[in-house]
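Below: the structure, in structure tokens.
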Amino acid sequence: MDLQIKGKKAVMAGGSAGMGRATAERLAEAGAELVISARREERLVNAAREIAEKYGTKVTPVVADSSTEEGRKALFADCPDPDILSITIKPPAPNGDFLKVTPEMWRESIETALIGPTEIMRHYIPVMKEKGWGRIVNIATFSAKNPMIWRLMSGPARSALLNYTASVSREVAQHGVVINNLLPGMFQTEGASEIMGHYAEAFGLEADPEVVGKHFREHNKIPAGFVGVADDLAPMAAFLCSDLARFIVGQNIVIDGGQHNAIF
């Protein structure tokens with residue numbers, strides 16, 4: 001399928017690994033020129049080089065933490081006028097006992113999962129409106145729609161992000177700027193693997209992969225029968241970034257193997 005984005009400029013914030021990298025690869029495959037950002041320089045530079053070599057397109061790495069003003073300024077400087085913007089963040093650690101969640105933990109969650117994405121969008125939307133064309137896709141989490149007590153640091157801030165985009169998307173659609181969200185469920189990514197120790201701690205489990213895995217499977221039934229991988233989401237992300245998605249506005253699309261048991 002021709003996504004009709006060859007030569008478009010795309011920013012993938014959080015594009016060095018996991019769903020961000022998989023999305024960046026799909027955009028590169030479609031012929032977009034990429035700017036990818038992340039905090040870890042070595043992994044980011046390697047990802048940019050590998051994607052450029054594989055797909056023969058320009059990929060610029062920007063070492064930046066998009067939850068900070070300094071990081072966002074670095075991203076804006078390296079790509080002032082993108083046509084496409086996709087944003088994802090590293091999943092926060094499970095919080096354990098909800099009574100131990102502190103104001104500092106809430107502030108970090110909000111800075112990362114709400115203020116970071118909304119500030120990037122706020123900066124780039126006027127640029128896209130001026131062009132008369134733009135695509136924005138947030139890769140969030142299904143816990144924004146499906147509350148989970150151990151994902152308090154992940155869900156609520158992204159629920160606010162969904163509220164924000166629901167309003168803003170309908171304001172800017174008339175200018176050719178389309179905003180949508182993807183809500184992934186349980187995926188096996190590098191970021192998810194890194195927080196498994198926190199998962200064990202949150203549930204008082206032995207820090208043994210078999211013990212943690214057994215507990216996870218018992219408490220997270222996935223009708224599809226498996227945990228997703230990054231490329232189970234990336235094709236949909238790339239599609240929403242394309243010219244073909246012009247009539248899909250302000251939607252929250254759950255990709256979770258059927259785990260979220262609801263009609264809407």
Side-chain angles (χ1 to χ4, degrees), residues 12-29 36-40 43-44 47 50-51 66-67 86-95 109 112-113 116-117 137-159 161-162 180-203 205 209-241 251-262:
M12 181 66 243
S16 66
M19 288 178 273
R21 171 160 179 172
T23 298
E25 292 212 22
R26 290 290 185 167
L27 293 173
E29 182 181 40
I36 63 173
S37 70
R39 295 171 295 173
R40 300 184 191 179
R43 186 168 73 175
L44 174 66
E50 291 166 4
I51 294 171
S66 61
S67 70
S86 186
I87 306 169
T88 188
I89 65 168
K90 178 183 176 180
N95 50 268
S109 174
T112 301
V137 175
N138 290 291
I139 302 173
T141 172
F142 84 144
S143 60
K145 185 176 181 180
N146 181 41
M148 304 170 78
I149 191 66
W150 61 279
R151 299 291 308 276
L152 285 178
M153 295 299 93
S154 183
R158 255 84 78 87
S159 294
L161 178 65
L162 268 55
N180 290 289
N181 303 310
L182 291 178
L183 310 183
M186 302 303 175
F187 276 68
Q188 180 60 50
T189 64
E190 292 170 57
S193 297
E194 290 173 358
I195 66 171
M196 279 297 101
H198 297 287
Y199 181 93
E201 182 180 350
F203 287 96
L205 304 173
E210 290 189 11
V211 173
V212 173
K214 182 174 184 292
H215 184 278
F216 180 88
R217 290 188 295 274
E218 288 177 351
H219 292 82
N220 294 278
K221 300 295 185 182
I222 302 174
F226 60 91
V227 176
V229 297
D231 209 46
D232 289 319
L233 175 139
M236 177 61 77
F239 174 76
L240 291 174
C241 290
Q251 299 305 302
N252 301 303
I253 300 172
V254 177
I255 302 179
D256 68 347
Q259 184 177 353
H260 181 64
N261 190 14

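Just so it is clear, the model here is predicted, and its values are computed rather than measured. Values below: all heavy atoms of this structure, side chains included; hydrogens, waters and symmetry mates excluded.
Scanning both residues, V227 and M186, for their nearest heavy atoms gives CG1-O, 3.1 Å. In this structure, S67 and T112 approach most closely via the heavy-atom pair CB-CA, 3.6 Å. The minimum heavy-atom distance linking P235 with D231 is given by the pair CD-O, 3.1 Å. Scanning both residues, N138 and P117, for their nearest heavy atoms gives OD1-CB, 4.0 Å. Here the shortest heavy-atom pairing between N95 and I149 reads ND2-O, 3.2 Å. The heavy-atom pair separating L44 from S37 by the smallest distance is CD1-C, 3.9 Å.
Partners of R21 by salt bridge (charged side-chain N to carboxylate O under 4.0 Å, His left out), not counting sequence neighbours, listed by chain and number: E25, E50. Contacts of Q251 classified as side-chain contact (heavy atoms from CB on, under 4.5 Å), with partners at least two apart in sequence or in another chain: R170, N180, I248, I253.
One finds the CG atom of L182 at 7.5 Å from the OG1 atom of T23 (value rounded to the nearest 0.5 Å). Atom CZ of residue R158 and atom CZ of residue R151 lie 7.0 Å apart, to the nearest 0.5 angstrom. With rounding to the nearest 0.5 angstrom, the CG atom of L183 is 9.5 Å from the CG atom of L161. Distance CG/D256 to OG/S143: 11.0 Å, rounded to 0.5 Å. Taking CZ from R39 and CD1 from I89, the interatomic distance works out to 9.0 Å, rounded to the nearest 0.5 Å.
Considering only heavy atoms from C-beta on, P184 comes within 4.5 Å of M19 through its side chain. Side-chain contact between S86 and I139 is present, with heavy atoms from C-beta onward closer than 4.5 Å. Side-chain contact between N252 and K145 is absent, with no heavy atoms from C-beta onward closer than 4.5 Å. Under the 4.5 Å side-chain criterion, counting only non-hydrogen atoms from C-beta, Q259 is not in contact with V254.
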Exercise for review: Could you walk me through whether F142 and M148 pass the side chain to side chain contact (heavy atoms under 4.5 Å, CB included) test, one step at a time?
Suggested key: CA-CA 10 Å; F142 84 144; M148 304 170 78; 3.8 Å; yes
